[in-house]
Asker: 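The following block contains the structure, expressed as structure tokens.
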Amino acid sequence: MRPLSIEGAWELTPKVYHDSRGSFHEWYHEAEFCAAVGHGLYVAQTNCSFSRRGALRGIHYTDVPPGQAKYVTCVSGAVLDVVVDLRTGSPTFKRWEALRLDDVGHAAVYLSEGLGHAFMALTESASMVYLCSTPHAPEREHAVHPLDPELALPWPAEIEPVLSEKDAAAPTLAEALASGLLPG
């Protein structure tokens, strides 16, 4: 696992073994994860999303505490996955990193509590799997608009974004900051 430029975010690029039957890789290995991150991964809930090309989900985050750490991968198709530091007071506040997750390289991303997460489906369909440290709690969940020009996230210009009503109505980063909704 390699740390990203945002504290609390890591990327795993597994060794993929190919043979005549297909391929195999380790998606999660406790000892390797603990050595990189400094703690184990407690899983309270697992999620799977299926998205059509252009589906743009996020930027989602939860109240801290307790927050929600996520370990995500794309098991079918390809997505542009984005981690955004939404923690006020963080030295990397507003910084983001974008990574391609797909069913070829099988990379995964771990995001600590307080980080925002978004992705766009790049292929006709894409399936994402998430391991989450806390269960879904709508009253603690928030979003920042994924097309906020202040963040200028690198969504592909050739793909028309498809947002949920909730994400389309999400506040900008400046609005979320002014309203006190961002994690500290």
Side-chain angles (χ1 to χ4, degrees), residues 1-14 27-30 32-45 47 49 51 56-74 78-102 105-122 126 128-134 140-156 161 163 167 170-184:
M1 290 184 74
R2 76 170 180 94
L4 299 178
S5 67
I6 299 168
E7 184 179 338
W10 287 265
E11 177 188 24
L12 167 74
T13 304
W27 178 46
Y28 175 78
H29 189 279
E30 177 95 15
E32 182 181 327
F33 185 90
C34 287
V37 177
H39 58 79
L41 177 62
Y42 175 78
V43 178
Q45 180 173 324
N47 302 324
S49 68
S51 301
L56 178 50
R57 299 178 185 262
I59 305 167
H60 299 150
Y61 66 99
T62 60
D63 290 336
V64 176
Q68 185 183 64
K70 295 177 184 175
Y71 190 63
V72 302
T73 193
C74 182
V79 302
L80 180 65
D81 194 81
V82 178
V83 179
V84 182
D85 191 348
L86 299 175
R87 302 168 297 187
T88 60
S90 167
T92 55
F93 179 62
K94 298 184 189 180
R95 184 180 298 168
W96 53 264
E97 278 214 37
L99 303 106
R100 180 184 172 97
L101 301 181
D102 59 37
H106 302 287
V109 175
Y110 175 72
L111 305 90
S112 295
E113 296 84 350
L115 297 177
H117 182 244
F119 68 86
M120 176 185 271
L122 302 175
M128 292 281 285
V129 176
Y130 315 63
L131 304 180
C132 302
S133 65
T134 57
R140 292 193 328 255
E141 295 182 3
H142 307 283
V144 168
H145 202 289
L147 302 175
D148 182 349
E150 180 181 357
L151 291 171
L153 299 178
W155 307 121
L163 280 67
D167 289 345
T172 64
L173 182 66
E175 292 166 340
L177 182 61
S179 66
L181 289 175
L182 297 177

Asker: Do other residues, nucleotides or ligands put more than 12 heavy atoms under 6.0 Å from E97 CD?
Answerer: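 Atom CD in E97 is crowded, with more than 12 foreign heavy atoms closer than 6.0 Å.
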
Asker: Which pair of heavy atoms, one from Q68 and one from T134, lies closest together, and at what distance?
Answerer: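 That would be NE2-O, 2.7 Å.
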
Asker: One pair to check against ring-ring contact (aromatic ring centres under 6.0 Å, His included): Y71 and W27. What are the steps and the verdict?
Answerer: CA-CA 10 Å; Y71 190 63; W27 178 46; 5.3 Å; yes

Asker: Drop me the distance from H29's NE2 to L41's CG, to the nearest 0.5 angstrom.
Answerer: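 Spacing of NE2 (H29) from CG (L41) equals 14.0 Å.
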
Asker: Looking only at atom types and distance, does a side-chain atom of T88 sit under 3.5 Å from a main-chain N or O of P183, one as donor and one as acceptor?
Answerer: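 Present.
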
Asker: I need the D81 CG to H117 NE2 distance, nearest 0.5 Å.
Answerer: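 That separation rounds to 3.5 Å.
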
Asker: Roughly how far apart are L177 CG and E150 CD, rounded to 0.5 Å?
Answerer: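 If we round to the nearest 0.5 Å, L177:CG and E150:CD are 8.5 Å apart.
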
Asker: Considering all heavy atoms of both residues, which atom of H60 and which atom of A143 are nearest to each other, and what is their separation?
Answerer: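 Closest approach of H60 to A143: CD2-CB, 3.8 Å.
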
Asker: Could you tell me the separation between the CZ atom of F119 and the OG atom of S49, rounded to the nearest 0.5 Å?
Answerer: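 It is 3.5 Å, given to the nearest 0.5 Å.
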
Asker: Can you tell me how far CG of D85 sits from OG1 of T92, rounded to the nearest 0.5 angstrom?
Answerer: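 Here the interatomic distance stands at 3.5 Å.
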
Asker: How close do F93 and L86 get, counting heavy atoms only, and between which atoms?
Answerer: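 Scanning both residues, the minimum pair turns out to be CE1-O, 3.6 Å.
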
Asker: What are the two closest heavy atoms between P146 and L153, and how far apart are they?
Answerer: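 Between these two residues, the closest heavy atoms are O-CD1, 3.8 Å.
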
Asker: To check you understand the geometry: which heavy-atom pair defines the closest contact between L101 and A107, and what is its length?
Answerer: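 The pair with the smallest heavy-atom distance is CD2-O, 3.6 Å.
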
Asker: Kindly determine whether D148 and I59 satisfy side chain to side chain contact (heavy atoms under 4.5 Å, CB included), including the steps that lead there.
Answerer: CA-CA 10 Å; D148 182 349; I59 305 167; over 6 Å; no

Asker: Is there side-chain contact between L182 and L173, with heavy atoms separated by less than 4.5 Å?
Answerer: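 A side-chain contact exists here, since the closest heavy-atom pair is under 4.5 Å.
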
Asker: Just how far is it from atom CG of D102 to atom CG of L80, taken to the nearest 0.5 Å?
Answerer: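 Here the interatomic distance stands at 11.0 Å.
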
Asker: What I'd like to find out is whether the side chain of M128 reaches to under 4.5 Å of the side chain of S51, using heavy atoms alone.
Answerer: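 Result no, sub-4.5 Å side-chain heavy-atom pair not found.
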
Asker: How about P171 and H142: do any of their side-chain heavy atoms sit closer than 4.5 Å?
Answerer: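 Contact flag for P171/H142 side chains = no.
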
Asker: Within the structure provided, determine whether L4 and L99 are in side-chain contact (heavy-atom separation under 4.5 Å).
Answerer: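 They are in side-chain contact.
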
Asker: Could you pull out the closest heavy-atom pair between E30 and G40, with the gap in Å?
Answerer: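 Between these two residues, the closest heavy atoms are OE2-CA, 3.6 Å.
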
Asker: Mind checking whether R87 and I6 have side chains closer than 4.5 Å, heavy atoms only?
Answerer: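 They are in contact (side-chain heavy atoms under 4.5 Å apart), so the answer is yes.
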
Asker: Is the ring pair H39/F33 parallel, tilted or perpendicular, if the boundaries are 30 and 60 degrees?
Answerer: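 Ring orientation of H39 relative to F33: perpendicular.
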
Asker: I'd like to check S90 versus E7 (side-chain heavy atoms, cut-off strictly below 4.5 Å). Are they in contact?
Answerer: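 Heavy-atom side-chain distance check fails, nothing below 4.5 Å.
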
Asker: Flag the pair Y61 / V84 as yes when at least one side-chain heavy-atom distance between them is below 4.5 Å, and no otherwise.
Answerer: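 A side-chain contact under 4.5 Å is absent here.
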
Asker: Side-chain contact test, heavy atoms from C-beta onward, threshold under 4.5 Å: evaluate it for L12 versus Y110 and give yes or no.
Answerer: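 Side-chain contact under 4.5 Å: no.
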
Asker: Per the side chain to side chain contact (heavy atoms under 4.5 Å, CB included) rule, which among T172, D167, L163 passes with L147?
Answerer: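 Among T172, D167, L163, the one meeting side chain to side chain contact (heavy atoms under 4.5 Å, CB included) with L147 is L163.
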
Asker: Donor-acceptor pair, W155 side chain versus P161 backbone, under 3.5 Å?
Answerer: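 Not confirmed, W155 side chain does not pair with P161 backbone.
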
